[in-house]
Amino acid sequence: MVTVKNLSKTYKKHIAVQPMSFSIGKGRCIALLGPNGAGKTTTLQMLAGLLVPTTGEIEFAGNIDKDHRTQIGFLPQHPSFFNWMSAAEFLQFAGELSHVPKKQLARRIEETLAFVRLEDVKNKKIGGFSGGMKQRLGLAQALLHEPELLILDEPVSALDPAGRRDVLELMKQLKSHMTILFSTHILHDAEQVCEDILMLKDGNLIWNGMLAELKQENGALAIKLRTKEPIEGVLELLDFIEEVEYVDVFTAKVLMRNLADSNDLVDSLLQHGRTLVHFEWLQDSLEDAYMKVMGK
């Protein structure tokens with residue numbers, strides 16, 4: 001749906017984003033990951049049309065016109081509101097700025113407020129809203145004109161656990177209706193909702209691909225085993241094992257250098273007189289893969 005070619009941003013002598021190229025598939029949910037200062041917000045603002053790139057092009061499929069902002073909904077990390085407005089008044093204002101047709105606007109305001117579960121407080125002043133309510137109102141603003149691409153900058157970073165859960169649940173529901181690109185430093189949240197990963201480090205794009213591929217390429221081959229007889233002392237004799245962590249004298253977690261060596265592991269235990277009673281592949285988390293790609 002979106003093709004990005006050699007996109008970069010420089011402020012005087014500081015290079016915030018190195019030239020990068022990637023594409024965004026229609027109907028995908030993409031997490032943009034990286035430490036603070038990696039260039040995540042700058043990248044999202046360029047995609048949203050809020051910053052002019054120093055170099056590069058952003059192309060939307062089927063859009064000959066260079067202005068693609070009507071196809072994008074954007075929620076900044078710290079959305080701003082007029083606290084004296086009600087939620088409905090704010091969305092009326094936002095809808096007029098987004099050129100939503102008047103005949104559709106009233107319906108869209110009601111639908112969007114219902115979706116973010118703010119219909120009961122639509123006539124209350126925003127100044128009395130909690131942080132989670134404001135974040136949901138910001139999301140309603142981004143959705144009001146029914147964009148093709150929804151861009152969210154750290155949508156849950158300032159929320160308490162309940163507010164975070166609410167926003168993540170809304171994102172899961174939105175996945176079936178539009179493409180979502182969001183930045184986050186909470187890796188567990190990214191793992192819950194995304195299919196694809198973009199990873200930045202020092203302004204460079206260092207990973208671009210599917211979450212499953214990231215975990216497969218950078219995950220450790222971890223196995224948890226338990227034997228009937230004490231296993232401690234046996235595993236250190238096997239040169240194809242990279243690391244051993246003992247849970248108790250009968251149970252251990254091991255990191256393998258190669259998947260094919262798992263059969264040799266079982267054979268070696270039998271040769272040393274150990275009866276295997278439990279064998280389990282352990283799935284690496286996104287955090288494990290992230291740390292390996294980042295070189296930490």
Side-chain angles (χ1 to χ4, degrees), residues 1-2 4 7 17 22-36 38-51 58 60 68-81 87 90-91 94 97-98 108 112-113 115-118 129-200 205 208 211 286 290:
M1 185 177 78
V2 181
V4 175
L7 192 70
V17 174
F22 60 90
S23 61
I24 298 173
K26 189 175 179 64
R28 307 292 289 178
C29 183
I30 307 103
L32 179 62
L33 307 179
N36 292 335
K40 300 190 299 295
T41 293
T42 301
T43 300
L44 294 184
Q45 289 182 345
M46 287 191 288
L47 289 170
L50 299 175
L51 273 180
I58 302 168
F60 273 70
H68 51 264
R69 287 175 294 180
T70 58
Q71 297 170 267
I72 291 173
F74 180 66
L75 175 64
Q77 183 175 1
H78 304 291
S80 298
F81 304 95
F90 176 74
L91 291 185
L97 288 178
S98 299
R108 284 297 301 152
T112 310
L113 284 171
F115 177 73
V116 299
R117 299 193 292 279
L118 291 176
F129 282 15
S130 67
M133 293 168 69
K134 287 182 177 180
Q135 199 75 344
R136 282 185 277 145
L137 181 59
L139 183 58
Q141 168 273 135
L143 296 171
L144 192 62
H145 59 294
E146 300 180 280
E148 295 178 43
L149 174 63
L150 180 63
I151 297 177
L152 310 174
D153 189 3
E154 301 279 4
V156 298
S157 62
L159 300 181
D160 61 22
R164 208 173 100 215
R165 184 183 63 241
D166 286 346
V167 172
L168 287 173
E169 187 57 39
L170 292 173
M171 288 174 63
K172 289 178 182 178
Q173 295 177 42
L174 286 168
K175 285 171 59 176
S176 59
H177 302 291
M178 61 187 64
T179 303
I180 301 175
L181 172 63
F182 72 103
S183 67
T184 185
H185 61 268
I186 304 174
L187 300 180
H188 176 73
D189 292 346
E191 198 165 15
Q192 300 304 304
V193 296
C194 76
E195 293 93 27
D196 301 322
I197 297 288
L198 296 171
M199 205 178 293
L200 296 180
L205 182 63
N208 173 20
L211 171 61
L286 172 58
Y290 174 89

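Everything numeric here is computed off the predicted structure, so don't read it as measured data.
Of all non-hydrogen atoms in Met171 and Ile180, the two that sit nearest each other are O-CD1, 3.6 Å. When all heavy atoms of Thr179 and Gly27 are compared, the pair lying nearest together is OG1-N, 2.8 Å. Smallest separation of non-hydrogen atoms from Leu33 and Ala190: CD2-CB, 4.1 Å. The minimum heavy-atom distance linking Ile58 with Met46 is given by the pair CD1-O, 3.4 Å. Taking all atoms of both residues into account, the shortest heavy-atom contact from Cys29 to Val193 is SG-O, 3.5 Å. Nearest heavy-atom pair across Ile30 and Cys194 is C-CB, 4.4 Å.
Judged by distance alone, the side chain of His68 and the main-chain N or O of Leu47 form a donor-acceptor pair under 3.5 Å. Distance alone, capped at 3.5 Å, is enough to place a donor-acceptor pair between the Ser183 side chain and the Glu154 backbone. No donor-acceptor distance shorter than 3.5 angstrom exists from the side chain of Ser23 to the backbone of Val2, with no hydrogens or angles considered. Lys40 places no side-chain N or O within donor-acceptor distance of the main-chain N or O of Leu32, the cut-off being under 3.5 Å. In this structure a side-chain-to-backbone donor-acceptor pair under 3.5 Å is missing from His145 to Gln71. Judged purely by atom type and a 3.5 angstrom limit, Arg164 has no side-chain atom pairing as donor or acceptor with the backbone of Leu159. Put simply, the side chain of Gln135 never gets that close to the backbone of Gly132: no donor and acceptor are under 3.5 Å apart.
Between Leu50 and Leu44, the closest side-chain pair of non-hydrogen atoms is not below 4.5 Å. With a 4.5 Å cut-off on side-chain heavy atoms, Ser157 and His185 count as touching. Side-chain atoms of Leu200 and Val17, non-hydrogen and from C-beta on, never get closer than 4.5 Å to each other. Counting heavy atoms from C-beta on, the side chains of Leu181 and Leu150 never come closer than 4.5 Å. Between Ile72 and Phe60, some side-chain heavy-atom pair lies under the 4.5 Å cut-off. Side-chain contact between Gln141 and Leu91 is present, with heavy atoms from C-beta onward closer than 4.5 Å.
From Thr112, atom OG1 reaches atom CG of Leu143 across 6.5 Å, with rounding to the nearest 0.5 Å. To the nearest 0.5 angstrom, Leu205 atom CG is 9.5 Å from Met199 atom CE. Note that CG of Asp160 and CZ of Arg165 are 9.0 Å apart. Values are rounded to the nearest 0.5 Å. Considering CD of Glu169 and CD of Gln192, their distance stands at 11.0 Å, rounded to 0.5 Å. In this structure, CD1 on Ile197 lies 8.5 Å from CD on Glu191, to the nearest 0.5 angstrom. Within the model, atoms CZ of Arg108 and CD of Glu146 stand 4.0 Å from one another, a figure rounded to the nearest 0.5 Å.
Open room surrounds CZ on Arg69; 12 or fewer heavy atoms of other groups in view lie less than 6.0 Å from it.
Residues forming a ring-ring contact (aromatic ring centres under 6.0 Å, His included) with Phe115 (at least two apart in sequence, or on another chain): none. In this structure, Gln77 has no side chain to side chain donor-acceptor pair (under 3.5 Å) partners at least two apart in sequence or on a different chain.
Ring geometry, Phe90 versus Phe81: the interplanar angle exceeds 60°, so the pair is classed perpendicular (tilted spans 30 to 60°).
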